[in-house]
Amino acid sequence: MQHTTQTSVQTDNLLPVVIPTEIVSHSLWPGPFSRWSDILSVTWAHFSEPHTTKYLTKTEARELEASRIPFAQLALTNLWRRSGEQVWTHIKEEAGETYFVALMHEDGLGPSRLLLRDGLHRAFPEGFSFCVPERTCAIVFSKQASPAALDSVRAVVSGCFRNGREPVSDGVFDEKDIVA
């Protein structure tokens, strides 16, 4: 779905990007963002091959809004399509319990898939909590996780946070912290 007839801004490659708040809250940040917490925010970017990212500028956002194009919703639709309805890349199950799912997609947008709540509710219908230990990785687990599952989550999050190329946080967030 490309809306280039009403605007010069390309939208078929626009995706949401979960990013550390400290980056987007800098006065030189070029584009719009939605703050989730002191640690996490979401912004939007154009993704092109091979691995080129160009963040949506405030000027582009204004142009899309003036054309009545809901760029955040469009980016979310693009992400769902790009994910092929597969929100997670790894699943850890033991004794019939899903301990956690990992969002570690090759495109580096694992944490962005936290916005695909319906897909995550398939694994955790009772609700979920999550961690973003590294910029390209999110770990999602049940709000009602057993002590064994929580121990497994803590071990994975700790390792990713300590050894990640771009560590973000070893804290736990609730799904209500996700602001589209």
Side-chain angles (χ1 to χ4, degrees), residues 15-26 29 31-45 47 51 53 55-56 72 75-180:
L15 297 167
V17 183
V18 172
I19 193 167
T21 298
E22 68 182 345
I23 295 173
V24 296
S25 60
H26 190 280
W29 183 254
F33 66 93
S34 179
R35 183 184 181 108
W36 289 5
S37 69
D38 289 344
I39 297 170
L40 297 172
S41 292
V42 65
T43 189
W44 298 269
F47 282 78
H51 307 292
T53 304
Y55 289 99
L56 183 73
L76 196 58
T77 300
N78 290 343
L79 182 64
W80 188 254
R81 187 176 310 120
R82 182 183 188 109
S83 301
E85 297 191 22
Q86 185 55 45
V87 179
W88 58 84
T89 56
H90 303 79
I91 188 165
K92 166 82 170 174
E93 297 175 305
E94 278 190 29
E97 180 184 2
T98 300
Y99 276 24
F100 64 83
V101 296
L103 288 57
M104 300 173 59
H105 296 73
E106 287 185 27
D107 60 13
L109 295 174
S112 297
R113 288 169 172 89
L114 292 164
L115 289 159
L116 303 177
R117 285 193 196 112
D118 289 347
L120 292 168
H121 283 144
R122 287 196 313 251
F124 305 110
E126 70 285 352
F128 63 86
S129 296
F130 66 93
C131 300
V132 181
E134 208 270 338
R135 193 158 163 191
T136 63
C137 168
I139 305 296
V140 181
F141 55 99
S142 172
K143 284 185 180 182
Q144 300 170 351
S146 69
L150 289 175
D151 287 345
S152 184
V153 167
R154 282 187 200 101
V156 170
V157 168
S158 177
C160 289
F161 181 69
R162 266 194 334 270
N163 303 318
R165 280 188 0 190
E166 297 180 70
V168 175
S169 172
D170 59 357
V172 174
F173 302 89
D174 188 88
E175 73 174 288
K176 69 176 174 33
D177 296 328
I178 299 169
V179 181

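Any value given below was found using the heavy atoms of this structure, including those in side chains, with hydrogens, waters and symmetry copies removed. Along the sequence shown, residues are numbered consecutively beginning with 1.
L114 and V140 get closest at one heavy-atom pair: CD2-CG2, 3.7 Å. Closest heavy-atom contact between C137 and I139: SG-CD1, 4.0 Å. For F33 against V24, the heavy-atom pair with the smallest separation is CE2-O, 3.2 Å. P111 approaches T136 most closely through the heavy-atom pair CD-C, 3.5 Å. Of all heavy-atom pairs between S112 and V18, the closest is OG-N, 3.1 Å. Closest non-hydrogen pair, P16 versus A75, comes out as CD-O, 3.3 Å.
Remark: the backbone N or O of V42 is not paired with any side-chain donor or acceptor of S34 at under 3.5 angstrom. Of the possible polar contacts, one joining the D177 side chain to the D174 backbone as a donor-acceptor pair under 3.5 Å is found. For S142 (side chain) and F124 (main-chain N/O), no donor-acceptor pair under 3.5 Å exists by modelled atom type.
Taking the side chain to side chain contact (heavy atoms under 4.5 Å, CB included) definition, one finds that A72 meets it with W44, sequence neighbours left out. Here R122 pairs with nothing under the side-chain hydrogen bond (donor to acceptor under 3.5 Å, both in side chains) rule; sequence neighbours left out. Shown here are the side-chain hydrogen bond (donor to acceptor under 3.5 Å, both in side chains) partners of D151, two or more places apart in sequence or in another chain: R154. With sequence neighbours excluded, no residue forms a salt bridge (charged side-chain N to carboxylate O under 4.0 Å, His left out) with R162. When the ring-ring contact (aromatic ring centres under 6.0 Å, His included) test is applied to H121, the partners found at least two apart in sequence or on another chain are F128. Under the rule for a ring-ring contact (aromatic ring centres under 6.0 Å, His included), the partners of F173 that lie at least two apart in sequence or sit in another chain are F130. Partners of E106 by side-chain hydrogen bond (donor to acceptor under 3.5 Å, both in side chains), not counting sequence neighbours: none found. E22 pairs by the side chain to side chain contact (heavy atoms under 4.5 Å, CB included) definition with P20, not counting sequence neighbours. Remark: E94 pairs with K92 by the salt bridge (charged side-chain N to carboxylate O under 4.0 Å, His left out) rule, at least two apart or across chains. In this view, S41 and T21 satisfy the side-chain hydrogen bond (donor to acceptor under 3.5 Å, both in side chains) rule, not counting sequence neighbours.
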Could you please spell out the steps behind the side chain to side chain contact (heavy atoms under 4.5 Å, CB included) verdict for S146 and L150? CA-CA 6 Å; S146 69; L150 289 175; over 6 Å; no
Test side chain to side chain contact (heavy atoms under 4.5 Å, CB included) applied to K143 and E175, step by step: CA-CA 9 Å; K143 284 185 180 182; E175 73 174 288; 4.0 Å; yes
Apply side chain to side chain contact (heavy atoms under 4.5 Å, CB included) to W80 and V87, showing your working. CA-CA 8 Å; W80 188 254; V87 179; 3.6 Å; yes
For a side chain to side chain contact (heavy atoms under 4.5 Å, CB included) check, start with the C-alpha distance between T43 and L56, then their side-chain angles and the critical distance, and finish with the verdict. CA-CA 8 Å; T43 189; L56 183 73; 5.9 Å; no
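For the atom pair L109 CG and M104 CE, the distance stands at 14.0 Å (nearest 0.5 Å). To the nearest 0.5 Å, atoms CZ (R82) and OG1 (T77) are separated by 14.5 Å. Taken from OG1 in T98 to CD1 in I91, the straight-line distance is 4.0 Å, to the nearest 0.5 Å.
Salt-bridge annotation for D107 and R113: present, with a side-chain N of the basic residue lying under 4.0 Å from a carboxylate O of the acidic one.
Listed by first and then second residue, the side chain to side chain donor-acceptor pair (under 3.5 Å) pairs involving residues 164-173 are R135-E166 (not counting sequence neighbours). Annotation: ring pair (Phe, Tyr, Trp, His ring centres under 6.0 Å) contacts involving residues 138-164, sequence neighbours excluded, are absent.
Side-chain contact between W29 and I19: present, with at least one pair of heavy atoms (C-beta onward) separated by less than 4.5 Å. The shortest side-chain heavy-atom distance between I178 and R117 falls under the 4.5 Å cut-off. By the 4.5 Å heavy-atom criterion applied to side chains, E134 and V168 are not counted as neighbours.
For W88 and F100, the distance between ring centers is not under 6.0 angstrom.
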